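Worksheet: the structure to be examined is printed underneath.
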Amino acid sequence: MIEYRPLRVALLGAGSVGAQVADQLLTHRDELAARIGASIELAGVAVRSLDAKRDTDIPRELLTTDAESLILGADIVVEVMGGLEPARTLILQALTSGADVITANKALLATHGPELFEAAGQVGAQLYYEAAVGGAIPIIRPLRDSLAGDRVQRILGIVNGTTNFILDRMDAHGESMEEALATATALGYAEADPTADVGGYDAAQKAAILASLAFHTLVPADAVYREGITEVTLEQVVAARKAGYVVKLLAICEQLVDPATGQRGVSARVHPALIPLSHPLAAVHGANNAVFVEAEAAGSLMFYGAGAGGIQTASAVLGDVVSAARRHVVGGPGVAESTHADLPVLPISAVTTRYQIALQVADEPGVLAVIAALFQSHGVSVETVQQAVSVVDPAVDPARAGQALGAATLVIGTHEASEADLAATVAALSTSSVVHSVTSVLRVEGL
Ligand code: HSE
């Protein structure tokens, strides 16, 4: 076999992922060379501080603070430094010089993806980003390559480990949102500022990447409808399990037709949702991630595993290094990002979904009829109704324990209806004289 020249890899960043990537490149050099047909030479590792403590021992002579010089002459540049700048500028420099680039930087892709793909396309370089969604889980390559001959219809993803961990603690251990967040922080899942995770921003960036790939359409992160988990209560989680559901923060990407305009487009959204306990996503516990893909020919597929972690994410990065290196050996132009469908990104009002709505109502004759009429007048069809009479809590008043309070809890499940009609129904319920309070409004997915 003719030996190809050694391929030079420049590594930008030596944090929890970068240190593991460096270690694997050095430790498994011979095995990687056998798989690629060329040896990989780690040309250097760009870091902010030469003396910082790292998760693995990187030979001192490989470390440099001069990322720009390191990129020059590299065949493959691996960006795992994070943040928007200088990552964006360095990646543009690398692509412009013809290097293939591997990045784990979902925020950068969600914000500057088109600019980066354009720069890659101009010189026939390739941008790989398997580690940007779902950590170790292979999902980008399946969407980009394995399913390229099929048509993806829908993606339901648990793509944020921190929020899945929090919701799972609430479900499995009865912790409140605050307690579960404190546990996540103590165990190192949640950042000191957890906003990106609990606010759904991290999941929205990943949803933008998945929707763009799945539907061959550019979906910017700010076009993704987003609700985080901060409003989810322990009461909702407990009631969900009793009713045969679990609450998950879902990233949902699908093609649909806007019922109001007849326009076909892409919807990408992130919000808490009830999913049936029988759905495979209900079994995703702790900080794990999973992406459930529904494709026309393949049917349902689920990709599951560790969504974060240094060595786990390094696995996805190394897979991209091997792909990029093989392309150098085999030759040929890179494949441009596929945005040929160029569908409009539809607003949340175009989505149809099912809801479960819990209400505190007066327990009097005619109340149910008033509520039924409200649903009817907004064109929302009721599927299920459960009523429980509210009684005095023995912990509050032992002497009157169990006595009727003249109020009832109604849990109403709807058939599929438009978000706009459901929002109008909830607004009308909130101001109805027979409704004391609307205590929970959750979408239902995965039925
Ligand atoms: N903060 C993310 C999570 C990991 O909790 O899943 C990085 O994307």
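All of these numbers come straight from a predicted model, not from anything done at the bench. Just so you know, ligand 1 is whichever comes first in the structure, and atom 1 is the first atom listed for that ligand.
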Handout entry: Atoms of ligand 1 close to K106 [distance to a heavy atom under 4.0 angstrom, numbered from 1]
Key =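 By the 4.0 Å cutoff, the relevant atoms are 7 (C), 8 (O).
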query = Taking only heavy atoms of G161, which atoms of ligand 1 are found under 4.0 Å from at least one of them?
reply =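 Per the distance check, 3 (C), 5 (O), 6 (O).
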Heavy-atom side-chain proximity of [X] to [Y] below 4.5 angstrom:
X    : Y    : answer
I155 : E254 : no
Q93  : L72  : no
R326 : R35  : yes

**Item:** Under-4.0 Å heavy-atom contact with ligand 1, by part of N289 that carries it
**Value:**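 It is neither; nothing of N289 touches ligand 1.
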Would you say [X] has more than 12 foreign heavy atoms packed within less than 6.0 Å of its [atom1]?
X    : atom1 : value
E231 : CD    : no
E191 : CD    : no
Q386 : CD    : no

How far is [atom] from its nearest protein heavy atom, and which residue and atom name does that atom have?
atom                   : value
atom 4 (C) of ligand 1 : A308 CB, 3.9 Å
atom 8 (O) of ligand 1 : K206 NZ, 2.7 Å
atom 1 (N) of ligand 1 : D197 OD1, 2.9 Å

**Request:** Please confirm whether T162 comes within less than 3.5 Å of ligand 1 when only nitrogen or oxygen atoms on both sides are compared.
**Result:**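 Yes: some nitrogen or oxygen of T162 is under 3.5 Å from one in ligand 1.
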Check your understanding: Hey, does G307 come in under 3.5 Å of ligand 1, counting only N/O atoms on both sides?
Key ->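 The answer is no, given that G307 and ligand 1 share no N or O pair closer than 3.5 Å.
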